[in-house]
Structures are given as C-alpha cells and as structure tokens.
Amino acid sequence: MRRLVTIIVLIGVSVSARAQFSVPPFDVEIKGGISGFPTSKWDYMGIGYKAGVHVHLNQHVAIGWTYMRSTGNASEDSGDNIFPTEDFKTTELSTGPSLRLSTGRSRKMRPYIALSYSKVEVVTDRGDYRYSIKTNAPGASVGMLVKLGNKMYINLFEVTYRKLSDKVFWLDAQGQLEIKAGLLYNLGKKK
Amino acid sequence: MARLWRSESSLGPLVAALLLSCSIVKDSDVQSLADVGQLRITALEIKEQVQQQSPKTTKVSLLYGSDGKISQFNFPSFAGSKFSFRSPTITGSVVGQLSYTAGKISEFDIRAGSESKEKYLFEYDGSGNLFKLTSIGTFPGDVVQTVDSIIYESKQLAKVFRTSTTSTGGKSKVTYTAAYNTSDGTLKTFGQSPTGDIIQIDRNSNQGGDCFENASQHECVAYKTPVSSAQITIRHRFVGMRLEVVMMGENYSIGVKNSDKYVFHPLMVLREEINNSEALMMFYMLDWWVERYPLTGGGGGTFEREFVSLNFLFGT
C-alpha cells in the first residue's frame with residue numbers, strides 16, 4: 001500500500017511539475033542475464049533482470065539509479081558423490097545510485113564504465129527458515145552500447161562486480177558478479 | 001491520464017519510485033551467525049540407501065519442555081533397517097526421554113511403553129565435561145552394562161577406559177587412547193588396546209581445515225582401520241555452522257551380501273548439548289558399528305555404496 005501511494009504521489013507531482021519546468025534528458029534501461037558469487041563454496045547462479053534510469057548531465061556523464069533482482073538454486077558442493085545435494089532457492093536484490101561515463105553520442109559503439117553504491121540483499125530459503133543479509137556494496141561496471149536509432153541502444157553487454165561490506169555468511173562469499181545485456185532508450189531533449 | 005501516457009518525461013519519477021521501494025529480507029530471517037545459534041532442531045530425518053534399493057526416509061519427531069530443552073525423541077520402528085539400537089530387544093517404536101540436572105543432560109532413557117530398554121547416564125566433572133557415560137540394557141555379547149570413564153588432558157579428549165559387565169557379573173576392560181596431529185593439534189586417532197584396532201579421523205581433503213571446532217569446516221571423515229576391514233566412512237556436515245547431517249556409509253562388493261548395522265548412540269542427537277561431543281560422537285558411531293561381512297582385499301571387483309544419514313531439521 002505504501003509503495004502504491006508513493007507512486008501515485010510521484011505521478012501527480014510529475015504531471016503538475018511538467019508544465020512548470022523542463023525535465024532534463026534521461027534514459028531508461030532494461031537488461032537480463034546472470035549473477036552470482038564467484039568465491040562462494042556453494043554452486044549458485046541466479047537469472048534475473050536489471051532496470052535503471054539515468055539523467056544525462058552531458059553526453060558523457062549520467063547519474064541515476066539501478067535495480068537488479070535475480071533468482072536461482074544454491075547447492076552446497078560436497079566434493080563427492082556420497083552426500084546428497086539439495087538445492088535451495090536463493091534471491092538477490094541490488095539497488096542504488098549509479099554514475100555512468102561513456103563516449104560521445106555520435107559514435108555507433110559507446111563503451112562505458114559505471115560506478116555504483118548499492119544496497120544488496122541475499123536470501124536463501126531453507127524451508128523451515130531463511131538465511132538473509134542486507135548490506136552495502138561499492139561496485140564497478142563495464143559495458144558496451146550499440147546505437148540502433150535516434151533514441152534506442154542495444155546494451156550489448158555489461159559486467160558488474162560488487163564488493164559486499166558484509167560476507168554472505170552461509171555462502172562464504174563477499175563478491176557479487178553480474179553479466180547482463182538488454183536495451184536502453186533515451187528520453188527527453190538531447191544534451 | 002491520456003496526457004500522462006503521452007508525456008515521456010513523466011515516466012522518470014514512476015520508474016524511480018519502483019526502483020526505490022523494495023526489500024526481500026524479513027525480520028524473521030536468520031541474518032547472522034548469532035541468529036543461527038537461536039535455531040532449534042525441529043525433527044530428524046533418517047535416510048537409508050541399501051543394496052541398490054530406493055532410498056527410504058523415516059522421520060523422528062521431538063518434544064520440547066517448558067524450559068525450552070528437548071524432553072523426548074519419538075523413534076519409529078527400525079525393523080529391517082541398517083540403523084538400529086544397540087539392544088536387540090528393541091524391535092518396535094520407542095521414545096527417548098531426557099532428564100536434566102543443573103541444566104545438563106543426566107539421563108537418556110529409551111523406553112517402549114513403561115519398560116526401559118536402554119538407559120544412558122551422563123556425569124560431568126567440575127569443568128562441565130562428560131567424564132562418565134554409563135549404558136544399561138540388554139546388549140550383544142550378554143553385556144548388561146558399559147561404563148566409559150573419559151579422561152581429558154589439557155582440555156582435550158585423551159582416553160576412554162571401558163568396563164563391560166555381563167549378566168553373570170563377568171567383566172572385561174578395554175582402553176582407547178587418543179593421538180593428535182603434531183602439526184596442528186587436531187585429533188587424529190583412537191587406538192584400542194588390546195585389539196589394536198584404530199579409529200582414524202581424517203580431514204576431508206576437499207575442504208581442508210580442522211574437523212572440529214572450526215566454524216568454516218564443512219566435512220570431516222572418520223573410519224576404521226586396518227584397511228583390510230570394511231572401509232567405513234562417517235561424514236558430518238556443518239551448514240550454517242550447525243550440525244545438519246551425520247552420515248554413515250560403506251562400500252560393498254556387488255554380489256557380496258552386506259548387513260553392517262549402524263548403531264544408535266545418544267551423542268548422535270545430543271551433540272550440541274555436550275562439550276567435546278564431536279570427537280566422542282564419531283568415536284561411538286564407529287566403535288559401536290557392527291561389521292558383519294568385512295570387505296576383503298584392497299581393490300578389484302565392483303563396489304556400490306550403502307549409507308544411513310541423520311538429517312537435522314532446524315526451525316525458528
């Protein structure tokens with residue numbers, strides 16, 4: 001209910017504000033791909049999506065916010081064929097501000113790097129109880145945008161690594177890795 | 001509303017609102033190692049895989065007293081299973097009733113109705129370590145009582161002196177002596193005198209580290225030697241830093257009937273209640289293991305695996 005009220009209020013503010021001052025150019029993006037914890041002793045790979053919005057300060061610099069959510073099965077590798085392996089549904093969530101630096105708009109191929117500081121949550125459902133953590137993580141991404149048209153880009157790939165402030169204690173992992181691809185769409189007047 | 005949807009610039013705050021409002025963590029979640037310690041065992045699952053048959057799972061329920069301590073285990077019948085109690089008089093379902101003195105377990109009484117079938121008495125020294133474990137019942141070899149005196153040196157398990165008494169009053173004695181790895185002081189073997197049998201405790205080479213008292217270690221292996229006897233493997237696993245699975249398994253040669261019995265000991269289910277219980281649990285699991293058809297030779301033939309695992313189910 002709180003989320004719905006927030007959205008309604010923001011829509012109202014947006015509609016009324018539009019007539020009063022111009023909104024800077026921005027883009028929205030949506031990607032899909034995989035994520036996981038490369039140093040974990042467990043076998044895990046999540047499949048999910050990432051959404052984001054970035055406001056363009058100029059044609060090279062954009063600031064914004066991203067939201068990533070992934071789900072997969074985590075299983076502990078016993079290292080032999082004796083112990084039965086069980087899978088546990090695991091969900092990741094990462095959300096936070098992002099600063100993106102890219103080459104100019106005139107190029108067809110636009111490589112970029114991005115720096116982020118995310119709130120990261122990880123949950124593993126063990127049936128009768130759940131493990132979870134909520135922590136912060138600085139992160140860095142590298143990616144490539146390919147121009148499709150005046151406003152549309154293909155995000156050919158984006159690789160993101162986040163260093164978690166707190167270890168995911170049951171997975172024994174402190175680094176999160178994402179590989180995604182998708183689309184980006186520019187909105188508003190170009191800068 | 002039509003004006004809203006035509007307006008590109010109105011989409012930004014909407015997307016932002018969706019991005020900002022989210023959490024998948026609940027207050028009831030286990031969010032730290034300290035929280036893991038607050039979980040309690042809710043049930044046991046005993047899984048058995050025998051002679052290429054389909055696996056069988058049996059559930060053991062628990063009862064807790066008003067003091068928050070386990071008061072009773074409800075064991076179903078293990079007739080026809082590899083898993084059994086030490087006393088052959090136990091053929092049906094039984095309950096294991098616990099008694100406590102000064103907050104520590106003093107008695108584990110396995111009863112069929114009003115009749116006590118096996119009883120274990122726990123006594124502790126001034127440091128809270130188990131120093132005497134007495135088992136009373138009708139046991140193989142006409143044994144009616146076993147008294148284990150447990151000796152510690154420098155806070156480590158050092159020896160177990162066992163006196164077994166028969167129904168006619170006859171007594172026999174054996175001594176188990178612990179040896180530790182010189183490199184890191186971890187427990188290595190229990191050697192039995194006078195038979196010379198050795199219970200060997202090895203690190204799992206896939207995981208490394210210490211088998212005991214190390215929160216990051218996940219598995220440990222123990223087995224009996226000499227190698228010409230059955231290759232018996234015990235594995236226990238820490239997941240989330242609490243003991244979750246205790247497994248007993250052996251290789252057997254296809255075509256050779258194997259009917260080893262894995263014998264229940266209270267320390268299998270009471271590990272968290274007793275100091276040094278890791279070493280003691282593995283010792284008793286192997287020491288009470290009944291080998292019927294030892295594997296001969298060091299190789300050749302085709303081997304299959306049988307196992308019984310005790311899976312501890314946790315909850316809040």
Undergrad: Indicate yes or no: at least one non-hydrogen side-chain atom of A/F169 is less than 4.5 angstrom from one of B/V36.
TA: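 In contact.
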
Undergrad: Work out which heavy atom in A/S132 is nearest to a heavy atom in B/V25; give both atom names and the distance.
TA: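 In this case the closest contact between A/S132 and B/V25 is OG-CG1, 3.4 Å.
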
Undergrad: Measure the shortest side-chain to side-chain distance between B/D29 and A/Y129 over non-hydrogen atoms and say whether it is less than 4.5 angstrom.
TA: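 In short, these two side chains do not touch, never coming nearer than 4.5 Å.
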
Undergrad: Are any side-chain N or O atoms of A/E121 and backbone N or O atoms of B/I24, one a donor and one an acceptor, separated by less than 3.5 Å?
TA: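 Yes; judged by distance alone, with no hydrogens or angles, the pair exists.
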
Undergrad: Heavy-atom distances under 4.5 Å only: say whether B/T42 touches chain A with side chain, backbone, both or neither.
TA: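 For B/T42, the side chain is the part near chain A, not the backbone.
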
Undergrad: How far does CZ of A/R130 sit from OG of B/S28, to the nearest 0.5 angstrom?
TA: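 Atom-to-atom, A/R130:CZ and B/S28:OG are 6.5 Å apart.
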
Undergrad: Would you give the length of the straight line joining atom CD of B/Q31 to atom NZ of A/K134, rounded to the nearest 0.5 angstrom?
TA: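 Going from CD on B/Q31 over to NZ on A/K134, the span is 7.0 Å.
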
Undergrad: Can you tell me how far the OG atom of B/S32 sits from the OH atom of A/Y131, to the nearest 0.5 Å?
TA: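 One finds 11.0 Å between OG of B/S32 and OH of A/Y131.
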
Undergrad: Count the heavy atoms belonging to other residues, nucleotides or ligands that lie under 6.0 Å from CD1 of A/I63, then report whether that count exceeds 12.
TA: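 Atom CD1 in A/I63 is not crowded, with 12 or fewer foreign heavy atoms closer than 6.0 Å.
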
